[in-house]
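Here the structure is laid out as structure tokens; the discussion comes afterwards.
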Amino acid sequence: MQLKLYKKSTLLLGLVVLADIISIALLLIYREKWAPYKVPVIAAFVLFLFLLSTCYSWYDLNADQNLIRKRVGNGDVALAKIKDGSFVRFGRDAKLKNHVYWKLDAEIYDNDMQKHDAMIIEKFSTHQTSIPKGYVYVTYEEGKADDALIIPNVIISSIPEYQPLVEDYEKALKPKYLNAYINNGLILQTYEESIKAQQEMQ
């Protein structure tokens, strides 16, 4: 899903650039007509460019988290076992921050404890140099296992309605959770790694 969002964002960026070029061309072609009103026209043009770039940046920076919140709100949550990961590519967002895309070999257990194999492409912080093995919660829609998105732990733990589901998973699978959190991008760590990193920062 992250790669789909990246491609959609790239397409939107192309449309923004195209709109900018067309707007500039129209201003040049009809410059004699708007010359007497150059101050308000130029101000409107600058405002148009600002709003267009702001809308694009908002989408690019928030599309994945907005989709996660929507799916979590709809109850589309499952438990995934991360078995392995392989590097896919680097990417850059609207703030020119680098990210790294990993392909995750996973097993997703739906709410009926049925297992589904999945190859999930997820966007991580550049600090993610390898993929640990363990369990995370993901968004899940039936028949679309590869479109899963990893849910930061804080989201699941902050919603009391999911506690019964979590307890069911823990009884059935006894998962060893990974710490999934956002820090300039998604980061996956074992809890031992997270504790060690916190101690080193103190």
Query - E170 vs Y135, side chain to side chain donor-acceptor pair (under 3.5 Å): CA-CA, chis, key distance, verdict - result: CA-CA 11 Å; E170 292 179 348; Y135 289 81; over 6 Å; no
Starting from [Y], can I reach [X] by hopping between I/L/V/M/F/W/Y residues whose side chains sit under 4.5 Å apart?
| X | Y | value |
| --- | --- | --- |
| I82 | Y177 | no |
| L13 | L18 | yes |
| V166 | V154 | yes |
| L51 | L49 | no |
| I68 | L165 | yes |

Kindly list each side-chain donor-acceptor pair under 3.5 angstrom involving residues 71-79, sequence neighbours excluded, with atom names and distances?
{"residue": "R71", "atom": "NH1", "partner": "T139", "partner atom": "OG1", "Å": "3.3"}
{"residue": "R71", "atom": "NH1", "partner": "D147", "partner atom": "O", "Å": "3.0"}
{"residue": "N74", "atom": "ND2", "partner": "K70", "partner atom": "O", "Å": "3.3"}

Query raised in the report: Who are the side chain to side chain contact (heavy atoms under 4.5 Å, CB included) partners of D60, not counting sequence neighbours?
Result: S9, Y56, D93, A94
Requested in this report: List for me each residue that meets side chain to side chain contact (heavy atoms under 4.5 Å, CB included) alongside D105, sequence neighbours excluded, and say none if there are none.
Outcome: K83, D84, M119
Query raised in the report: When you look at W34 and L26, which way does the side chain to side chain contact (heavy atoms under 4.5 Å, CB included) test go after all the steps?
Result: CA-CA 11 Å; W34 59 261; L26 290 174; over 6 Å; no
Query raised in the report: Run the side chain to side chain contact (heavy atoms under 4.5 Å, CB included) check on Y162 and I151 step by step: do they pass?
Result: CA-CA 13 Å; Y162 278 113; I151 305 171; over 6 Å; no
Query raised in the report: Among F90, Y101, Y59, which residue meets the ring pair (Phe, Tyr, Trp, His ring centres under 6.0 Å) test with Y6?
Result: Y101
A side-chain contact here means heavy atoms from C-beta on lying under 4.5 Å apart; do [X] and [Y] qualify?
| X | Y | answer |
| --- | --- | --- |
| L149 | Q2 | yes |
| L27 | V41 | yes |
| Y169 | Y137 | yes |
| W102 | L188 | no |
| I120 | I108 | yes |
| H116 | D110 | yes |
| K8 | L11 | no |
| L178 | Q189 | no |

Requested in this report: Would you indicate whether E167, at its atom CD, is surrounded by more than 12 heavy atoms from other residues, nucleotides or ligands within a distance under 6.0 Å?
Outcome: yes
Query raised in the report: Any chance OH of Y191 has more than 12 other-residue heavy atoms, nucleotides or ligands included, within less than 6.0 Å?
Result: yes
For [X] and [Y], work out which heavy atoms get closest and say how close.
| X | Y | value |
| --- | --- | --- |
| P132 | S130 | CD-O, 3.7 Å |
| Y109 | E107 | OH-OE1, 3.1 Å |
| F50 | T54 | O-OG1, 2.7 Å |

Requested in this report: Would you check if the side chain of E122 reaches a backbone N or O of I150 as a donor-acceptor pair within less than 3.5 Å?
Outcome: yes
**Report entry** N184 and its side chain to side chain donor-acceptor pair (under 3.5 Å) partner, picked from H127, H99, K97, K95
**Finding:** K97
